[in-house]
Amino acid sequence: MSEQLNELFRRRGHRMLMPEILAGWATLGVDALPISFDEQMKLVSRVRVVEPANAIQKEGVSLAQLHQEIALFSAHLAEVVVVGWTLDSEPAVTIAVSALRQSVFALSSIYPDGFLLLEPLALPLTALLSVDFGNDDDPQIDIRHKTFKPQ
């Protein structure tokens, strides 16, 4: 019963937060496609099940370096999934890589704490890029790039 109630709260939160996320992207001139709660839970399961093969962390990167890291991560993709830090409760969206690259300098307006970048659900999970924007006391940008073992 407790798990069902927890899922109900997550579904409600997803539904309530999605308009704000979509509006944030629209402000940047980007058409973001919402990912349904059920599809996002599949994404959460994939991330939790697959064992990381490698993780590289970079601390205190500049916005220009962040732009470069995002370009490297998404070089082979047409679109990416973007979600806030709380993967299982913040709504995920799919956006075109070209739109993401043009929006790098304003991403903290949508995701003030940071965000995760993943490959679309249709592709095998091979990598994840996490970006932490820090806080008022420590505003540096930290990046963690995880690669996963092939499934």
Side-chain angles (χ1 to χ4, degrees), residues 1-59 66 69-70 72-74 76-104 106-151:
M1 178 75 153
S2 164
E3 182 60 35
Q4 291 172 332
L5 190 57
N6 190 18
E7 181 180 334
L8 183 62
F9 282 129
R10 286 194 325 255
R11 279 183 186 278
R12 184 173 187 269
H14 183 273
R15 187 176 58 250
M16 302 279 293
L17 291 172
M18 184 61 81
E20 181 181 340
I21 298 295
L22 294 175
W25 283 108
T27 299
L28 300 178
V30 175
D31 289 327
L33 300 173
I35 294 178
S36 73
F37 179 82
D38 292 328
E39 290 296 308
Q40 187 164 340
M41 290 305 103
K42 290 177 186 176
L43 185 66
V44 170
S45 295
R46 279 181 21 174
V47 170
R48 291 190 176 148
V49 169
V50 180
E51 186 177 336
N54 190 21
I56 298 170
Q57 184 151 342
K58 296 181 180 181
E59 297 180 351
L66 173 60
E69 291 293 326
I70 288 174
L72 288 171
F73 176 84
S74 60
H76 67 287
L77 301 169
E79 58 187 22
V80 291
V81 172
V82 186
V83 63
W85 266 110
T86 313
L87 181 61
D88 61 348
S89 63
E90 293 185 54
V93 296
T94 301
I95 63 167
V97 167
S98 59
L100 174 67
R101 289 181 186 165
Q102 294 171 3
S103 305
V104 168
L107 288 173
S108 63
S109 67
I110 303 171
Y111 305 102
D113 296 327
F115 59 93
L116 305 173
L117 283 185
L118 301 111
E119 293 135 324
L121 274 166
L123 299 175
L125 181 63
T126 62
L128 176 148
L129 185 72
S130 65
V131 177
D132 180 358
F133 286 124
N135 56 43
D136 291 339
D137 296 334
D138 186 15
Q140 74 178 15
I141 301 171
D142 296 334
I143 296 174
R144 185 169 195 155
H145 187 168
K146 288 184 184 179
T147 55
F148 297 95
K149 295 179 181 177
Q151 298 175 320

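Counting begins at 1 with the first residue of the sequence.
- The line from CD1 of Ile70 to CZ of Arg101 is 9.5 Å long, rounded to the nearest 0.5 Å.
- In the model, His145 has no side-chain atom that pairs as donor or acceptor with a side-chain atom of Glu69 under 3.5 Å.
- Taking OG1 of Thr94 as the reference point, atom CG of Leu100 lies at 11.5 Å (rounded to 0.5 Å).
- Nearest heavy atoms, Val80 versus Ser74: CG1-CB, 4.1 Å.
- Proximity of a side-chain donor or acceptor of Gln40 to a complementary backbone N or O of Leu87 within less than 3.5 Å is detected.
- Shown here for Ala55 and Lys146, the closest heavy-atom pair between the two residues is CB-CG, 4.1 Å.
- In this structure the side chain of Trp25 reaches within 4.5 angstrom of the side chain of Val82, judged on heavy atoms.
- The distance from the CZ atom of Phe37 to the CZ atom of Arg10 is 4.5 Å, given to the nearest 0.5 Å.
- Scanning all heavy atoms of the two residues, the minimum distance from Ala92 to Val81 falls at CB-CG1, 3.9 Å.
- Scanning for side-chain contact (heavy atoms from CB on, under 4.5 Å) contacts around Ala106 gives Leu28, Ser109, with sequence neighbours left out.
- Using a 4.5 Å cut-off on side-chain heavy atoms (C-beta onward), Glu90 and Ile21 make no contact.
- Taking all atoms of both residues into account, the shortest heavy-atom contact from Asp113 to Asp132 is O-OD1, 3.3 Å.
- Within the 4.5 Å cutoff, side-chain heavy atoms of Trp85 are placed close to those of Ser130.
- Residues Tyr111 and Phe133 come closest through the heavy atom pair O-CD1, 3.1 Å.
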task: Apply side chain to side chain contact (heavy atoms under 4.5 Å, CB included) to the pair Leu66 and Val104, showing each step before the final yes or no.
output: CA-CA 8 Å; Leu66 173 60; Val104 168; 4.0 Å; yes
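- The CG atom of Leu43 lies 10.5 Å from the CZ atom of Arg48; values are rounded to the nearest 0.5 Å.
- The closest side-chain heavy-atom distance from Val93 to Met18 is below 4.5 Å.
- Atom CZ in Phe73 sits 10.5 Å away from atom OG1 in Thr147 (nearest 0.5 Å).
- The backbone N or O of Thr126 sits less than 3.5 Å from a side-chain atom of Glu119, completing a donor-acceptor pair.
- The shortest non-hydrogen separation linking Ala32 to Leu22 is O-CD2, 3.5 Å.
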- request: For side chain to side chain contact (heavy atoms under 4.5 Å, CB included), just list the numbers for Arg11 and Asp38, CA-CA rounded to whole Å, side-chain angles, deciding distance to a tenth of an Å, and then say yes or no.
  value: CA-CA 9 Å; Arg11 279 183 186 278; Asp38 292 328; 2.5 Å; yes
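- With rounding to the nearest 0.5 angstrom, the CG atom of Leu129 is 11.5 Å from the CZ atom of Arg144.
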- prompt: side chain to side chain contact (heavy atoms under 4.5 Å, CB included) between Val30 and Gln102: does it pass, once the steps are laid out?
  reply: CA-CA 9 Å; Val30 175; Gln102 294 171 3; over 6 Å; no
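- Residues Val131 and Leu117 form no side-chain contact, since every pair of their non-hydrogen atoms from C-beta on lies 4.5 Å or further apart.
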